[in-house]
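Structure record follows, encoded as structure tokens.
Just follow the structure's listing: the first ligand is 1, and inside any ligand the first atom is 1.
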Amino acid sequence: MTEKTILVVFGTRPEAIKMFPVVHALQADPRTRVVTCVSAQHRGMLDQVLEIAGIVPDFDLDLMKPDQTLDGLTAALLTELGKVMDQVSPDWVVVQGDTATAMAGALAAYYRKLPVAHVEAGLRSHNIYHPWPEEVNRKIIGTIAKLHFAPTDVSAAALLAENVDAAGVHVTGNTVIDALQWVSAKIAAEPVLAEGLAEIEARFSGKRVIGVTSHRRENFGGGLENIAEAVRRIAAREDVAVVFPVHPNPNVRKVMDAALNGLSNVAMIEPLDYPHFARLLSVAEIMLTDSGGVQEEAPALGKPVLVMRETTERPEGVTAGTAKLVGTDVDRIVSEIFTLLDDKATYSAMARAHNPFGDGQSARRIVELLANDG
Ligand code: UD1
Ligand code: UDP
């Protein structure tokens with residue numbers, strides 16, 4: 001059997017986290033030659049993951065611009081990713097998730113009639129403005145891809161309902177569970193990797209920690225202000241501490257800085273690298289987030305997660321009872337958090353570990369399928 005060249009394309013923090021287990025597995029497999037191309041749609045947050053995962057990209061397009069627009073970013077991605085594809089002539093182009101990088105990577109491959117494999121396929125909220133623009137990005141990739149690695153039966157069913165060829169749809173689990181298990185083992189072997197939170201943990205000793213993240217574009221212009229106000233009211237409780245690694249998007253930063261700077265029970269910090277975020281997930285009593293990935297990680301750790309969105313393309317956490325959609329209404333967020341803090345029965349009902357998103361073997365299944373052309 002001849003070695004297959006697999007071009008793996010990614011560019012943001014969550015893609016890097018969910019793709020590094022696939023890259024590691026491809027590197028270890030003698031049937032495949034992996035070529036990595038990062039768009040660097042994110043810079044600092046991408047580099048944090050590359051470093052911990054030990055990945056040195058073969059191509060680094062370094063495309064991030066401050067406060068980049070969707071159209072400018074997408075145009076640059078399409079042009080530059082296409083050039084890499086022309087140079088590499090891969091047997092497969094692999095993209096992950098729903099970002100601009102993933103969508104443009106799939107489209108550039110399609111323009112060259114290269115087969116595309118999609119990691120984390122079939123997630124659907126059925127609302128093209130929530131999440132925006134990710135729902136449409138996923139649908140575009142779903143139309144182009146030949147192999148669809150669906151994390152769960154729910155996501156596989158969504159693809160089949162869109163008449164995607166069933167022969168290309170495989171339930172593999174989500175590689176985020178592989179990544180979380182990998183980083184947890186790494187921290188266990190080298191605890192120093194996650195000791196950077198010690199100062200904050202000491203400062204908030206005796207308090208009940210709530211971990212917060214927020215970055216969604218559909219929440220710009222109203223939603224983020226509500227989230228900031230909710231955090232301010234939650235942190236007014238003396239028994240509570242909020243640890244909030246703030247996304248570097250300037251549209252997020254300015255809102256959070258204006259509302260939360262200087263509050264004694266809030267630590268607004270730089271984005272954490274993955275080992276430190278895993279540590280935050282383990283010390284937090286509750287996660288409050290609009291992130292996709294955190295909705296998947298929290299159930300695996302049995303951490304109640306309140307999701308500040310109107311819809312979710314990841315209903316499995318809600319069905320399992322560990323995640324709850326709370327939207328972006330200030331009173332609703334505050335009262336849901338207070339209920340979890342004050343009502344032990346409600347908390348215990350949510351704080352049970354489930355793994356609806358996978359068993360940590362997803363990358364192995366994906367590589368097997370790629371090596372055998374599905
Ligand atoms: C992107 C993805 C989103 C994903 C999110 C994960 C798209 C359209 N959006 O959104 O699906 O959920 O990443 O975080 O693909 N910035 C930095 N340093 C970084 C990263 C970002 O300074 O390491 C700042 C830059 O000013 C950049 C801005 O954040 O222009 C926005 O980055 P961008 O990738 O366009 O959008 P996100 O909101 O991060
Ligand atoms: N994450 C991280 N550091 C942080 C915040 C999040 O490593 O400070 C990780 C988190 O564990 C998850 C991923 O980043 O795996 C989620 O990324 P993000 O919320 O930016 O994007 P989304 O998942 O919403 O696309």
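Judged purely by distance below 3.5 Å, without hydrogens or angles, the side chains of N127 and S125 never pair a donor atom with an acceptor atom. In this structure, a donor-acceptor pair under 3.5 Å is absent between the side chains of T175 and S362.
Listed by chain and residue number, the protein contacts of ligand 2 are R13, P14, I17, H215, R216, P245, P271, L272, Y274, F277, S291, G292, G293, E297 (heavy atom within 4.0 angstrom).
Annotation: atom 7 (C) of ligand 1 to nearest protein heavy atom, Q41 NE2, 3.4 Å. Nearest protein heavy-atom contact of atom 4 (C) of ligand 1 is H215 CE1, 3.8 Å. The nearest heavy-atom contact from the protein to atom 30 (O) of ligand 1 is K65 O, 2.6 Å. Of the protein's non-hydrogen atoms, H42 CD2, 3.3 Å is the one closest to atom 20 (C) of ligand 1. What sits closest to atom 3 (C) of ligand 1 on the protein, heavy atoms only, is E134 OE2, 3.1 Å. The protein heavy atom nearest to atom 23 (O) of ligand 1 is M45 N, 3.0 Å. Counting protein heavy atoms only, atom 8 (C) of ligand 1 is closest to L70 CD2, 3.4 Å. Remark: minimum distance from atom 33 (P) of ligand 1 to any protein heavy atom is reached at Q68 NE2, 3.2 Å.
Smallest separation of non-hydrogen atoms from F204 and S264: CE2-O, 3.6 Å.
Paired with L7 under the rule side-chain contact (heavy atoms from CB on, under 4.5 Å), one option of D91, L81, V35, V34 passes, and it is V35.
Of the polar atoms of T99, none of the N or O atoms is found under 3.5 Å from an N or O of ligand 1, judged by distance alone. Considering both main-chain and side-chain atoms, T12 never comes within under 3.5 Å of ligand 1 through any nitrogen or oxygen pair. Between P133 and ligand 1, a contact under 3.5 Å exists for no N or O pair. The N/O atoms of D67, backbone and side chain alike, include one that comes under 3.5 Å of an N/O atom in ligand 1.
Here is the list of ligand 1 atoms found below 4.0 Å of a heavy atom in P250: 26 (O). Those atoms of ligand 1 that come under 4.0 Å of a heavy atom in G44, given as number and element, are 23 (O). Heavy-atom contacts of A100 reach the following atoms of ligand 1: 7 (C), 15 (O) (cutoff under 4.0 Å).
Using a 4.0 Å cut-off between charged side-chain N and carboxylate O, R138 and E134 make no salt bridge. A salt bridge links D373 to K4: at least one charged side-chain nitrogen sits closer than 4.0 Å to a carboxylate oxygen. Contact check on E285 versus K207 returns no salt bridge, with no Lys/Arg side-chain nitrogen under 4.0 Å from an Asp/Glu carboxylate oxygen. Of the charged side-chain nitrogens involved, none lies within less than 4.0 Å of a carboxylate oxygen, so that R217 and D290 do not count as a salt-bridged pair. In summary, D98 and R124 do not engage in a salt bridge, as defined by a charged side-chain N under 4.0 Å from a carboxylate O. One finds a salt bridge joining E270 and R253 here, because a Lys/Arg side-chain nitrogen approaches an Asp/Glu carboxylate oxygen to under 4.0 Å.
Between M103 and ligand 1 there is no heavy-atom distance shorter than 4.0 Å.
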**Message:** Assess the residue pair E310 and R216 against the criterion (salt bridge (charged side-chain N to carboxylate O under 4.0 Å, His left out)); give the C-alpha distance rounded to whole Å, side-chain angles, the decisive distance to 0.1 Å, and a yes or no.
**Reply:** CA-CA 12 Å; E310 309 302 331; R216 300 237 59 91; over 6 Å; no
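Nearest-heavy-atom check against atom 38 (O) of ligand 1 across L73, N249, V252 picks out N249. Of the listed residues (R217, R216, R43), the one carrying the non-hydrogen atom nearest atom 35 (O) of ligand 1 is R217.
In this structure, Q27 places its CD atom where more than 12 heavy-atom neighbours from other residues, nucleotides or ligands lie under 6.0 Å away. The 12-atom threshold is not exceeded at OH of Y110, counting heavy atoms of other residues, nucleotides or ligands nearer than 6.0 Å. Counting heavy-atom neighbours within 6.0 Å of Y129 OH, excluding the residue itself, gives a total of 12 or less.
Taking the six-membered ring where tryptophan is involved, the planes of F149 and H170 are tilted, since the angle between them lies from 30° to 60°.
Only the side chain of P14 comes within 4.0 Å of ligand 1, judged by heavy-atom distances.
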